[in-house]
Each structure stands twice: as C-alpha cells, then as structure tokens.
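Below is one structure; the comments refer to it alone.
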Amino acid sequence: MSRVYDTAVIGAGVIGAAVSYYSALDGADVILIDKGDIAEGTSSKSDGNILVCDKMPGFDSTLAKMSQDMYPQLEKELDYPIEWRRKGSLYLCETQEELEIARDYCSQMAAQGIPMRMMDQKDIQADEPYLAKDLAGGIETACDGSLYPIGLSYGYALTARKYGAKLSLHNPVNAITKKEDFFIIQTEQGEIHAKNVVNCAGVWSPVIGAMLGLSIPVSARQGQILVSEQTFRVARRKVHEFGYMLAKFGTGNYKRPVSERVERNGVAFVFEPTAADNFLIGSSRRFAGEDIRTDIEVMQALAERAIRFFPIIRDIKVIRAYSGLRPFTPDHLPIISDTPVPGFFIAAGHEGDGIGLSAITGRLMSNLIAGREQPIDISPLAFGRFHQNENMS
C-alpha cells in the first residue's frame with residue numbers, strides 16, 4: 001500500500017494552510033490538497049483585517065481575541081512576510097441612537113477585557129480630520145490590526161512544508177471513501193491515503209462533505225470591494241460604521257438611515273488603508289450563489305456610503321473592484337469540529353473572519369485531531385449544533 005499520511009487537509013486557503021501548519025508543527029505527516037493554488041479563492045479576496053471590534057460580546061469576541069494575540073508571534077515564525085500592523089480601529093456611529101447602542105456594546109466588551117473606549121464627536125474629528133462633521137461619535141478598539149492575507153496563507157503553507165508537509169496543488173478531489181482506519185482520497189493526480197481528513201474547503205466544503213454523506217450548512221455570501229488610486233492619507237487606520245454589525249448579523253430593531261440601494265445590497269462602510277498608499281472600500285453582503293462578478297449597483301452603493309463618512313473621497317478615483325465569497329453559516333460561527341464519520345473533521349464557515357480566526361482555528365484543529373485539551377470550550381463550534389441527521393459512509 002502507498003504512503004498513509006497522518007492528516008490530509010483539503011483546501012489551501014488561509015484556514016487549510018493554518019491547519020496544515022499547526023499539524024506539521026506538531027510533528028504530523030501532513031498533505032495539503034487544493035484544486036487550485038494557495039489562497040486562490042476567498043483568501044485572496046479579503047481585506048486582511050484582524051478584528052475583535054466586529055464580534056458579538058461573549059464567545060465570539062473571546063475566540064477572536066485569542067486568535068488576534070497569536071499574530072505577533074506568527075510574524076516571527078512564518079517564512080513569508082505577513083505585514084502585521086496593530087494600529088487599532090475606529091467604529092463610527094452615524095446617529096445618537098447608534099451611539100447609545102454602541103455604549104452598551106462597548107461596556108460589554110470592556111468587561112471582557114477588550115481594550116475599547118467611547119469617543120465623542122470632538123474625539124473622532126481629532127482622530128480623523130477628514131470625517132463628515134455631523135457624525136455622533138464612535139468606538140476605538142486599540143488591539144485591532146491588519147496584515148497581508150495572501151502572505152499569511154503562503155506563510156502558513158510554506159512553513160508547513162519546511163516542517164515536512166507535502167503540498168498537492170492543482171489537484172481536484174473527486175471522491176473520498178473510508179476503508180478500515182484510513183481514507184482513500186481520489187484526486188486527478190491519483191489516490192491519496194490518510195488516517196484523518198480535514199475539510200477546509202470554505203464555500204465548497206459542502207461538496208467535500210457530500211462525498212461522505214454529510215450535509216454541511218455552509219453557503220456562499222458574496223462581498224465586493226473597491227480599490228482607490230494612490231493618494232494622500234485619507235485616514236491612518238481602519239475605519240468603519242457601527243451599522244456594519246447590523247449588516248453582518250442582521251439582528252436588532254434599529255434601522256440605519258440609508259438608501260434602498262445600500263440596504264438592498266447589505267452595504268456597510270469599511271475603509272482600509274494599504275501599504276501602497278491607496279485604500280480599500282467595502283463592504284457588501286448578499287447571496288448570489290458562486291457568482292463573483294462585480295455589480296455596478298453594489299459599486300455605487302459602496303461609493304455612496306464611503307462619501308457619506310469621508311466626503312473628500314468623492315474626488316478620488318476608483319481603479320478597480322473585485323468580489324469574493326464568504327463561507328456563511330446560519331449562526332455566523334465557524335464549524336471547527338469532528339463529525340459522525342470518525343477521522344473526518346471540518347474547519348469551515350468562517351464567513352468574513354477566516355483571516356482573523358485562522359491562527360486559533362489551526363491550533364484548535366491540531367488539538368482536536370491529537371485528542372489534546374483545548375484552551376477554550378469549542379462546543380459552540382460543533383458540527384452537531386445544526387442537528388443534522390447524517391449517514392456515515
């Protein structure tokens with residue numbers, strides 16, 4: 001029989017690359033498989049933010065903070081520049097009603113030890129002078145950061161290879177079967193055998209799961225981003241609107257004072273400066289299948305919202321737009337879990353948080369496979385929470 005790997009990871013996006021890195025670091029014999037290249041899909045379409053500020057207080061924010069605290073060390077460990085920067089972030093409240101909601105949110109997060117503070121109208125104007133003058137205030141989150149998402153994906157994968165992992169790229173998986181104590185993975189380049197399989201295929205994880213009779217509740221949620229020309233410094237760090245929380249989670253009774261076009265496309269203002277002296281404008285959220293074509297109405301809604309918060313942006317050119325697919329789950333939490341098929345694991349469904357949660361996901365999954373104690377209760381991330389009646393293959 002051919003070589004039997006300890007772990008086969010399917011999907012070479014940031015999550016699969018992270019799982020491969022931490023598993024290889026543990027000494028496991030790992031193979032990373034992808035139908036394309038490293039970070040060819042969703043991971044190359046993100047803005048690279050490592051945030052706590054856009055998480056719900058409680059388990060969600062705790063998990064995000066644990067992951068965020070791992071990046072300074074990862075910058076030293078990985079064999080690829082990830083451009084980690086911790087400048088903090090600014091959440092903007094457009095109205096007094098939003099400001100009151102934000103005060104309660106900030107209080108809950110601060111009680112968890114998240115370094116957040118409220119800022120009034122004068123504070124935000126001093127922090128970012130080009131902001132619209134009528135904004136009510138905001139929240140600063142000092143611990144938030146950003147990095148180069150493609151670099152992070154390559155860093156995980158290439159460093160995993162240094163520790164002995166094999167990269168099997170441009171090699172689509174066609175079928176998976178379980179035989180006694182190992183899996184047979186049928187790929188276009190031949191069979192791969194492994195004791196454990198981790199499904200890190202993102203929006204395509206349901207396709208991989210179906211090969212073993214598992215129904216994985218992950219769907220594609222499209223997001224679009226605008227890219228500006230090189231220009232002066234509009235803002236020194238990430239700036240976004242507090243209404244982003246409403247667009248992301250779709251909860252609460254508060255309705256933002258926005259146009260139908262903005263509301264229809266799930267647009268909330270996000271500004272991200274880059275090291276190349278331009279900036280990214282996001283973000284949109286809509287279900288459009290696996291369509292990653294840009295849409296003019298979404299572009300107009302993104303521009304409209306950006307100009308609302310930074311009127312000076314009206315005179316800056318957009319040079320391109322792109323979109324990607326977020327792997328969405330119904331409760332907005334990822335799946336980091338074993339399954340009814342022994343030896344088959346899932347690390348998928350991170351929606352827009354894959355870059356930020358990749359570090360903790362890699363560590364939690366390597367612990368799970370090895371049977372080690374976890375640093376946090378991961379039952380909220382269990383596959384079984386969706387109450388699926390699965391057939392073992």
Side-chain angles (χ1 to χ4, degrees), residues 13-15 17-18 39-55 64 67-68 71 75 81-92 128 141 143-155 202-203 220-231 233-245 247-248 265-286 292 294 298-299 301-303 305-306 309-310 313 316 318-328 332 350-359:
V14 73
I15 297 299
E40 188 172 301
T42 300
S43 298
S44 64
K45 307 296 194 301
S46 70
D47 54 11
N49 288 307
I50 311 295
L51 305 179
V52 176
C53 69
D54 63 342
K55 308 300 185 291
S67 195
Q68 188 182 74
Y71 288 98
E75 185 177 33
I82 66 172
E83 299 177 12
W84 166 248
R85 296 176 296 170
R86 181 169 256 163
K87 293 185 176 181
S89 66
L90 178 60
Y91 239 157
L92 297 173
E128 297 293 356
T141 307
C143 61
D144 283 343
S146 64
L147 49 70
Y148 177 37
I150 299 176
L152 178 65
S153 303
Y154 270 86
V203 297
R221 199 180 194 189
Q222 189 203 74
Q224 191 164 312
I225 290 176
L226 303 180
V227 183
S228 82
E229 63 181 334
Q230 287 185 315
T231 185
R233 192 175 77 173
V234 174
R236 65 186 178 88
R237 59 182 174 178
K238 181 180 180 65
V239 180
H240 53 168
E241 63 169 302
F242 189 67
Y244 179 90
M245 294 284 286
K248 180 177 181 179
N265 292 291
V267 168
F269 171 63
V270 178
F271 173 98
E272 177 65 34
T274 76
D277 296 325
N278 62 353
F279 55 82
L280 309 180
I281 292 294
S283 68
S284 64
R285 278 179 158 80
R286 61 176 187 152
I292 58 170
T294 54
V298 178
M299 293 170 68
L302 290 169
R305 206 66 186 141
F309 287 91
F310 281 110
I313 287 178
I316 297 173
V318 168
I319 58 173
R320 71 184 184 98
Y322 63 89
S323 63
L325 302 174
R326 302 180 181 92
F328 169 90
H332 303 281
H350 293 71
E351 198 173 342
D353 299 324
I355 303 298
L357 294 180
S358 64

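Residues take their numbers from the sequence shown, with the count starting at 1.
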Any side-chain heavy atom of [X] sitting closer than 4.5 Å to one from [Y]?
{"X": "I313", "Y": "I281", "result": "yes"}
{"X": "K238", "Y": "D144", "result": "no"}
{"X": "L51", "Y": "H240", "result": "yes"}
{"X": "D353", "Y": "K55", "result": "yes"}
{"X": "L152", "Y": "W84", "result": "no"}
{"X": "V270", "Y": "R305", "result": "no"}

Closest non-hydrogen atom pair between [X] and [Y], with its separation:
{"X": "C53", "Y": "T141", "value": "CB-OG1, 3.3 Å"}
{"X": "I292", "Y": "Q222", "value": "CA-NE2, 4.0 Å"}
{"X": "V14", "Y": "S153", "value": "CB-OG, 3.4 Å"}
{"X": "I50", "Y": "G356", "value": "CD1-CA, 3.6 Å"}
{"X": "P327", "Y": "G202", "value": "CB-C, 3.8 Å"}
{"X": "C143", "Y": "V52", "value": "SG-CG2, 4.2 Å"}

As an exercise, state the distance from [atom1] of [X] to [atom2] of [Y], rounded to the nearest 0.5 Å.
{"X": "L147", "Y": "S358", "atom1": "CG", "atom2": "OG", "value": "7.5 Å"}
{"X": "E83", "Y": "Y148", "atom1": "CD", "atom2": "OH", "value": "7.0 Å"}
{"X": "S323", "Y": "I225", "atom1": "OG", "atom2": "CD1", "value": "9.5 Å"}
{"X": "H332", "Y": "E351", "atom1": "NE2", "atom2": "CD", "value": "6.0 Å"}
{"X": "I355", "Y": "T42", "atom1": "CD1", "atom2": "OG1", "value": "9.5 Å"}

Test your reading of the model: is there a side-chain donor-acceptor pair from [X] to the backbone of [Y], 3.5 Å cut-off?
{"X": "E272", "Y": "L280", "result": "no"}
{"X": "D277", "Y": "Q230", "result": "no"}
{"X": "E229", "Y": "I319", "result": "no"}
{"X": "S284", "Y": "G266", "result": "no"}

Set of ring pair (Phe, Tyr, Trp, His ring centres under 6.0 Å) partners for F279, sequence neighbours left out: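 Applying ring pair (Phe, Tyr, Trp, His ring centres under 6.0 Å) to F279 gives F271.
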Which residues share a ring pair (Phe, Tyr, Trp, His ring centres under 6.0 Å) with H350, sequence neighbours left out: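 Scan of H350 (ring pair (Phe, Tyr, Trp, His ring centres under 6.0 Å), adjacent residues dropped) gives none.
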Once side-chain hydrogen bond (donor to acceptor under 3.5 Å, both in side chains) is applied, do any residues pair with [X], and if so which ones, sequence neighbours excluded?
{"X": "N49", "result": "D47"}
{"X": "R326", "result": "none"}
{"X": "S46", "result": "none"}
{"X": "Q224", "result": "none"}

By side chain to side chain contact (heavy atoms under 4.5 Å, CB included), which residues pair with [X], not counting sequence neighbours?
{"X": "S44", "value": "I150"}
{"X": "A359", "value": "Y22, S67, M70, Y71, L74, Y156"}
{"X": "E40", "value": "D37, H170"}
{"X": "R320", "value": "V227, Y322"}

Set of salt bridge (charged side-chain N to carboxylate O under 4.0 Å, His left out) partners for R237, sequence neighbours left out: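 For R237 the salt bridge (charged side-chain N to carboxylate O under 4.0 Å, His left out) partners, ignoring immediate neighbours, are D127, E140.
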